[in-house]
Protein chains: 2
Amino acid sequence: MKYCGKIIVVLKEGVFDPQGVTICNALHTLGYGEVVGVKTGKFFEVMVEVESLELARKRIQEMCDQLLANPVIERYSFEVEVGK
Amino acid sequence: MKYCGKIIVVLKEGVFDPQGVTICNALHTLGYGEVVGVKTGKFFEVMVEVESLELARKRIQEMCDQLLANPVIERYSFEVEVGK
């Protein structure tokens with residue numbers, strides 16, 4: 001069965017996000033003065049072929065811990081759906 | 001009132017995603033043979049201070065069209081919540 005994991009990785013609170021600051025400034029310059037802050041992150045869609053939703057969740061969490069997120073400065077969240 | 005827009009930007013179908021291919025190969029090397037595909041994208045959290053949820057949605061959509069996503073090769077989706 002195919003499952004699709006949607007993973008969002010963001011910097012932990014307190015870690016400086018220069019890309020977010022740059023985008024915030026750019027939005028101000030473009031006239032979006034209502035913007036009070038921007039955080040950036042990464043998004044991954046991982047398709048896996050395993051027996052169960054539970055196993056898909058477990059394996060995707062392992063992938064996040066091992067490769068997709070840097071636990072020192074990043075935190076992640078994900079959800080798993082039955083794949084397309 | 002503060003609102004928080006959570007935006008995901010991904011490459012359109014058919015646009016080559018070399019970063020996704022690299023991550024897929026890396027996961028295979030690490031023993032995750034069940035992975036059949038990886039897509040990569042960007043994530044933005046934009047905090048805005050406006051009068052209504054509707055206005056927040058409208059302005060965030062404009063920001064996506066104008067700066068955050070490249071409409072030629074990317075598509076985006078977002079949701080807006082009452083901010084922290």
Side-chain angles (χ1 to χ4, degrees), chain A residues 1-11 13 17 19-20 22-52 55-69 74-80 83-84, chain B residues 1-11 13 17 19-20 22-52 55-69 74-80 83-84:
Chain A
M1 187 96 184
K2 272 192 187 172
Y3 297 94
C4 177
K6 297 183 178 203
I7 303 151
I8 289 173
V9 179
V10 293
L11 291 167
E13 296 299 322
D17 180 3
Q19 196 187 357
T22 304
I23 292 171
C24 187
N25 292 338
L27 287 169
H28 288 167
T29 307
L30 287 169
Y32 298 101
E34 70 269 43
V35 176
V36 292
V38 177
K39 278 187 192 177
T40 62
K42 289 174 283 183
F43 175 75
F44 303 103
E45 221 177 86
V46 177
M47 270 72 70
V48 294
E49 202 154 357
V50 291
E51 291 75 47
S52 70
L55 184 58
R57 278 214 187 92
K58 180 178 165 287
R59 293 291 280 175
I60 286 170
Q61 181 159 3
E62 286 173 14
M63 294 176 208
C64 289
D65 288 329
Q66 211 180 337
L67 184 76
L68 300 177
E74 293 171 330
R75 63 185 164 78
Y76 62 84
S77 61
F78 68 90
E79 45 190 55
V80 181
K84 312 162 276 191
Chain B
M1 186 96 185
K2 270 193 190 172
Y3 297 93
C4 177
K6 298 186 177 202
I7 303 150
I8 289 173
V9 180
V10 292
L11 291 168
E13 295 299 322
D17 179 3
Q19 197 187 358
T22 304
I23 293 171
C24 188
N25 291 338
L27 287 169
H28 288 167
T29 306
L30 288 169
Y32 299 101
E34 69 269 42
V35 176
V36 292
V38 177
K39 278 186 193 179
T40 63
K42 289 174 283 184
F43 174 76
F44 303 103
E45 220 177 89
V46 177
M47 270 72 70
V48 293
E49 203 155 356
V50 291
E51 292 77 45
S52 70
L55 183 59
R57 279 216 186 89
K58 180 178 167 287
R59 292 292 279 175
I60 286 171
Q61 181 159 7
E62 287 173 13
M63 293 175 208
C64 290
D65 289 329
Q66 212 182 336
L67 184 77
L68 301 176
E74 293 171 331
R75 63 186 165 78
Y76 63 83
S77 60
F78 68 90
E79 46 191 56
V80 181
K84 313 160 278 191

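The chains referred to below are lettered A, B, ... by the order of the sequence lines, with proteins before strands, and numbering in each begins at 1. In this text the structure is predicted, and so the values were computed from the model without any measurement.
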Bottom line for Ile60(B): the part with an atom under 4.5 Å from chain A's heavy atoms is neither
If you count heavy-atom pairs under 4.5 Å between each of Lys42(A), Glu62(A), Glu49(A), Arg59(A) and chain B, which one has the most? Arg59(A)
Any side-chain heavy atom of Lys6(B) within less than 4.5 Å of one from Ile8(A)? no
For the CE atom of Met63(A) and the CG atom of Leu27(B), what is their distance to the nearest 0.5 Å? 5.5 Å
Region of Ile7(A) in contact with chain B, defined by heavy-atom distances below 4.5 Å: neither
Residue selection (most heavy-atom pairs with chain B, distance under 4.5 Å) from Val50(A), Val9(A), Val35(A), Leu68(A): Val35(A)
Closest non-hydrogen contact found for Met47(A) with Val38(B) is CE-N, 4.4 Å
Interchain contact, Ile23(A) with chain B, by part (heavy-atom threshold 4.5 Å): both
Please enumerate all residues that pass side-chain contact (heavy atoms from CB on, under 4.5 Å) together with Asp65(A), with sequence neighbours excluded. Gln61(A), Tyr76(A)
